[in-house]
Amino acid sequence: MNTEMAYLLGMVSGNGEIIRGSSETTISIEIPHKKLETEEFHDVKLYVKASLSDIQNVLEPLIGSGLSRIQNEHSTIISFSKPNSDYLIREILRFTGSATTHDNMRIHHDVFNFSTDEKKMLLRGFADVTGYVRRSNAFIVNYKHRVYLEVPNNWFMVVDICNLLKDIDIPIQSIDWAHPNMRDGKLKKYNQGSTNFWKKEHQIKIYANEFLPIGFSVIHKNQALEKFSDELIAGFKADGKVAKNVTHIYYWEGKGKNKVKPSHPGEYDVFLPTEIRGKHYNSWKEIAKDLGYGK
């Protein structure tokens with residue numbers, strides 16, 4: 001393993017697709033634009049295009065050929081194809097198992113034996129295609145900025161990423177699970193007839209300053225991360241606090257009482273993994289613990 005391969009594996013795990021042919025395998029990765037303008041009103045499409053040269057410099061020597069790319073209104077898709085017998089393809093398949101898309105991939109247990117730099121590069125690749133850092137991501141107070149890693153459908157990828165972050169000592173601020181007790185905790189949408197409102201993407205939320213050791217290779221994301229991290233640290237300092245003393249806490253170390261939520265009919269939905277189906281939750285922490293993210 002090396003950092004370039006780890007970065008590619010992170011991108012594939014975050015928003016990739018593997019198309020296995022009789023003699024050739026195609027790997028495609030989607031980089032969402034998500035928001036057409038950054039905080040400074042720059043065109044994100046141009047920033048992604050500029051960032052691709054950095055991404056290509058990392059990946060193309062590894063791949064041994066150029067990357068194909070298609071830029072749409074809301075995303076850029078990069079891809080490459082190689083023979084099934086190629087070492088790179090065999091390694092990707094080894095680390096992704098029989099998965100065909102990011103929806104059914106897991107982080108292979110061998111990844112936890114990677115070096116710290118390799119783990120960080122895998123997480124950076126993952127963040128480049130799933131992560132967002134915007135002013136609207138702040139937690140209650142306007143300077144408590146956070147990075148969001150958005151993971152649709154894949155419950156266990158959320159847990160794998162959280163555990164990999166824990167392995168390099170980066171705590172999660174919270175997880176917004178696509179669970180009826182979390183996304184429609186008071187049954188407001190359910191009572192309005194939107195019974196599936198809660199079936200959205202999962203969001204892993206990390207304070208901006210905690211995410212700095214990972215960072216982004218996509219230019220506008222990393223610029224925003226650095227800016228918002230500075231604002232977060234300055235904001236805590238103005239309140240007479242050291243940022244790390246507040247942000248570097250794992251959920252099992254913190255205090256606080258959970259608000260009791262009413263039962264929701266969606267608790268039995270087959271959309272939920274069997275490990276938590278039929279259970280009632282008052283906190284995201286309880287779900288995280290039952291799915292395997294904890295001490």
Side-chain angles (χ1 to χ4, degrees), residues 3-4 6-16 29-59 67 69-78 102 117 119-139 142-152 157-158 161-162 164-165 168 170-176 201-235 243 247:
T3 55
E4 293 81 7
Y7 180 74
L8 173 59
L9 190 59
M11 295 187 87
V12 173
S13 300
N15 209 8
I29 301 162
E30 184 174 9
I31 306 173
H33 300 161
K34 185 68 174 182
K35 185 180 180 185
L36 294 181
E37 293 180 334
T38 66
E39 300 293 332
E40 287 74 31
F41 305 103
H42 297 306
D43 189 332
V44 168
K45 287 183 290 182
L46 295 179
Y47 267 69
V48 171
K49 187 174 181 179
S51 302
L52 280 175
S53 62
D54 295 324
I55 293 171
Q56 286 174 304
N57 288 339
V58 172
L59 296 183
L67 287 166
R69 69 187 189 193
I70 301 172
Q71 192 162 40
N72 301 314
E73 184 65 22
H74 299 293
S75 68
T76 297
I77 299 172
I78 59 176
H102 56 94
D117 286 343
K119 291 172 186 174
K120 287 180 178 179
M121 282 301 285
L122 188 151
L123 288 163
R124 175 178 284 203
F126 190 89
D128 276 347
V129 297
T130 68
Y132 305 97
V133 52
R134 296 163 294 205
R135 195 168 293 281
S136 59
N137 291 2
F139 176 61
N142 61 4
Y143 65 78
K144 294 182 180 179
H145 300 296
R146 298 175 295 179
V147 172
Y148 283 18
L149 304 180
E150 298 189 351
V151 183
M157 180 60 76
V158 173
I161 291 297
C162 290
L164 191 59
L165 285 163
I168 57 173
I170 296 179
I172 302 302
Q173 188 270 328
S174 67
I175 304 171
D176 197 357
E201 76 286 342
H202 311 291
Q203 294 176 334
I204 304 169
K205 302 178 181 182
I206 307 154
Y207 280 119
N209 61 319
E210 297 291 340
F211 201 74
L212 277 177
I214 306 299
F216 297 95
S217 293
V218 177
I219 296 169
H220 77 277
K221 291 182 180 182
N222 209 58
Q223 286 181 340
L225 175 66
E226 292 174 351
K227 174 181 178 180
F228 290 155
S229 178
D230 288 345
E231 287 186 11
L232 179 149
I233 292 169
T247 63

Q: Any side-chain heavy atom of I206 within less than 4.5 Å of one from Q173?
A: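 Counting from C-beta outward, I206 and Q173 never come under 4.5 Å.
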
Q: Would you call F126 and M157 a side-chain contact if the rule is heavy atoms closer than 4.5 Å?
A: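 Yes, side chains in contact.
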
Q: Would you indicate whether the side-chain heavy atoms of T130 and I161 approach each other to under 4.5 Å?
A: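 No, their side chains stay 4.5 Å or more apart.
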
Q: Let me confirm one number: the CG-CD distance from L149 to E201, rounded to the nearest 0.5 Å.
A: 12.0 Å

Q: Kindly give the heavy-atom pair with the smallest separation between A127 and K221, and that separation in Å.
A: O-NZ, 3.7 Å

Q: Can T76 and Q71 be counted as having a side-chain donor-acceptor contact under 3.5 angstrom?
A: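 Looking only at side-chain atoms, Q71 and T76 do form a donor-acceptor pair, the distance falling under 3.5 Å.
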
Q: Look up atom CE in M11 and atom CG in L122, then write down how far apart they are to the nearest 0.5 Å.
A: 11.5 Å

Q: Considering residues, nucleotides and ligands other than I70, do more than 12 of their heavy atoms fall under 6.0 Å from its CD1?
A: no

Q: With no hydrogens and no angle check, is any side-chain donor or acceptor of N209 less than 3.5 Å from a backbone partner on I233?
A: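 Side chain of N209 to backbone of I233, a donor-acceptor pair under 3.5 Å: no, none is there.
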
Q: Would you call L212 and E226 a side-chain contact if the rule is heavy atoms closer than 4.5 Å?
A: yes

Q: What's the shortest heavy-atom distance between S75 and P32, and which atoms?
A: CB-CA, 3.9 Å

Q: What is the ring orientation for F216 with F211, classed by angle as parallel under 30°, tilted 30 to 60°, or perpendicular over 60°?
A: tilted

Q: Working to the nearest 0.5 angstrom, can you tell me the gap between L232 CG and H145 NE2?
A: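 So the CG of L232 and the NE2 of H145 are separated by 7.0 Å.
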
Q: Going from CG on N137 to NZ on K205, what distance comes out if it is rounded to the nearest 0.5 angstrom?
A: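 Nearest 0.5 Å value for the CG-NZ distance: 8.0 Å.
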
Q: Could you check if a side-chain atom of R146 sits within less than 4.5 angstrom of a side-chain atom of Q203, using non-hydrogen atoms only?
A: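 No, side chains not in contact.
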
Q: Enter the distance from L8:CG to T3:OG1 here, rounded to the nearest 0.5 Å.
A: 11.5 Å

Q: If you take all heavy atoms of P171 and E210, which pair is closest and at what distance?
A: CD-OE1, 3.6 Å

Q: Would a distance-only check, ignoring hydrogens and angles, find a side-chain to backbone donor-acceptor pair under 3.5 Å from D128 to S217?
A: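 At least one qualifying donor-acceptor pair exists.
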
Q: How about I168 and I214: do any of their side-chain heavy atoms sit closer than 4.5 Å?
A: yes

Q: How about I55 and I31: do any of their side-chain heavy atoms sit closer than 4.5 Å?
A: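 Side chain of I55 against side chain of I31, heavy atoms only: contact under 4.5 Å found.
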
Q: With heavy-atom distances below 4.5 Å as the criterion, would you say the side chains of V147 and F228 are in contact?
A: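 With C-beta onward as the side chain, the pair stays apart.
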
Q: If you round to the nearest 0.5 Å, how far is CG of L123 from CG of L164?
A: 4.5 Å

